[in-house]
Q: 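Structure below; questions to follow.
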Amino acid sequence: MFHAPLVTFSDKKETIKMIKQTIQEVNKNDYNKEQLAAWSSIDEYSWKASLKDYSAVVMVNDWNNKIIGFADMDNKGYLDQFSCTRIFKIRP
């Protein structure tokens, strides 16, 4: 068993921005406006608190150093959050 420390990376604001954009753009055809607004109303404090029992990883594009994804998982393998920028969304 392990306990991951709180995420303290310096680009927290950019990660939250990417998550919000993904929710609002990628999911706009699957959920109503109220759901999209609720899920994308992320602030730094509540987001940081939601990560306290999880290991988190931020994916960065090597070519331009932009954040392209975020995921967190608990110590039992439960994937809690996963977000990938719309640029890398796989289309059917």
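If you're wondering where the values come from, they're calculated on a predicted model, not measured in any experiment.
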Q: Could you give the distance from CD1 (Ile16) to CD1 (Ile67), rounded to the nearest 0.5 Å?
A: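 Going from CD1 on Ile16 over to CD1 on Ile67, the span is 10.0 Å.
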Q: Going from CD1 on Ile19 to OG on Ser40, what distance comes out if it is rounded to the nearest 0.5 angstrom?
A: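 That separation rounds to 11.0 Å.
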Q: Describe, in one word, how the ring planes of Tyr31 and Trp39 are oriented to each other, choosing from parallel (under 30°), tilted (30 to 60°) and perpendicular (over 60°).
A: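 Plane angle over 60°, so perpendicular.
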Q: As an exercise, state the distance from CG of Asp72 to NZ of Lys52, rounded to the nearest 0.5 Å.
A: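 Between Asp72 CG and Lys52 NZ, I get 12.5 Å after rounding to 0.5 Å.
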Q: Do Asp74 and Asp53 have side chains that approach each other closer than 4.5 Å (heavy atoms only, starting at C-beta)?
A: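 Heavy-atom side-chain distance check fails, nothing below 4.5 Å.
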Q: Applying the side chain to side chain contact (heavy atoms under 4.5 Å, CB included) criterion to Thr22, which one of Glu25, Lys20, Met18, Gln24 satisfies it?
A: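 It is Met18, the one option of Glu25, Lys20, Met18, Gln24 that forms the side chain to side chain contact (heavy atoms under 4.5 Å, CB included) with Thr22.
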Q: Testing the basics here: between Ile42 and Ile23, what is the closest heavy-atom pair and its distance to 0.1 Å?
A: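 Heavy atoms of Ile42 and Ile23 come nearest at CD1-CD1, 4.3 Å.
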Q: How long is the span from the CZ atom in Phe70 to the OG1 atom in Thr15, to the nearest 0.5 Å?
A: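 Answer for the CZ-OG1 pair, Phe70 versus Thr15, is 7.5 Å.
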Q: Mind checking side chain to side chain donor-acceptor pair (under 3.5 Å) for Gln21 and listing every partner two or more places apart, or none if nothing turns up?
A: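 With neighbours one apart ignored, the set is empty.
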Q: Distance check, rounded to the nearest 0.5 Å: Leu36 atom CG versus Asn27 atom CG?
A: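 Interatomic distance, Leu36 CG to Asn27 CG, rounded to 0.5 Å: 6.5 Å.
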Q: Asp80 side chain to Met73 main-chain N or O, any donor-acceptor pair under 3.5 Å?
A: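 Flag not set: sc Asp80 to bb Met73 has no pair under 3.5 Å.
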Q: From Asn75 CG over to Ser55 OG, what is the distance, rounded to the nearest 0.5 angstrom?
A: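 One gets 8.0 Å once the value is rounded to the nearest 0.5 Å.
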Q: Please name all residues satisfying side chain to side chain donor-acceptor pair (under 3.5 Å) with Asp30, sequence neighbours left out, ordered by chain then number.
A: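 Side chain to side chain donor-acceptor pair (under 3.5 Å) check on Asp30 returns nothing, list empty.
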Q: Tell me every residue that passes side chain to side chain donor-acceptor pair (under 3.5 Å) with Ser41, counting only those two or more places apart in sequence or in another chain.
A: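 Applying side chain to side chain donor-acceptor pair (under 3.5 Å) to Ser41 gives none.
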Q: Does Met59 share a hydrophobic cluster with Leu79, counting links as ILVMFWY side-chain heavy atoms below 4.5 Å and allowing steps through other members?
A: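 In one cluster with Met59: Leu79, yes.
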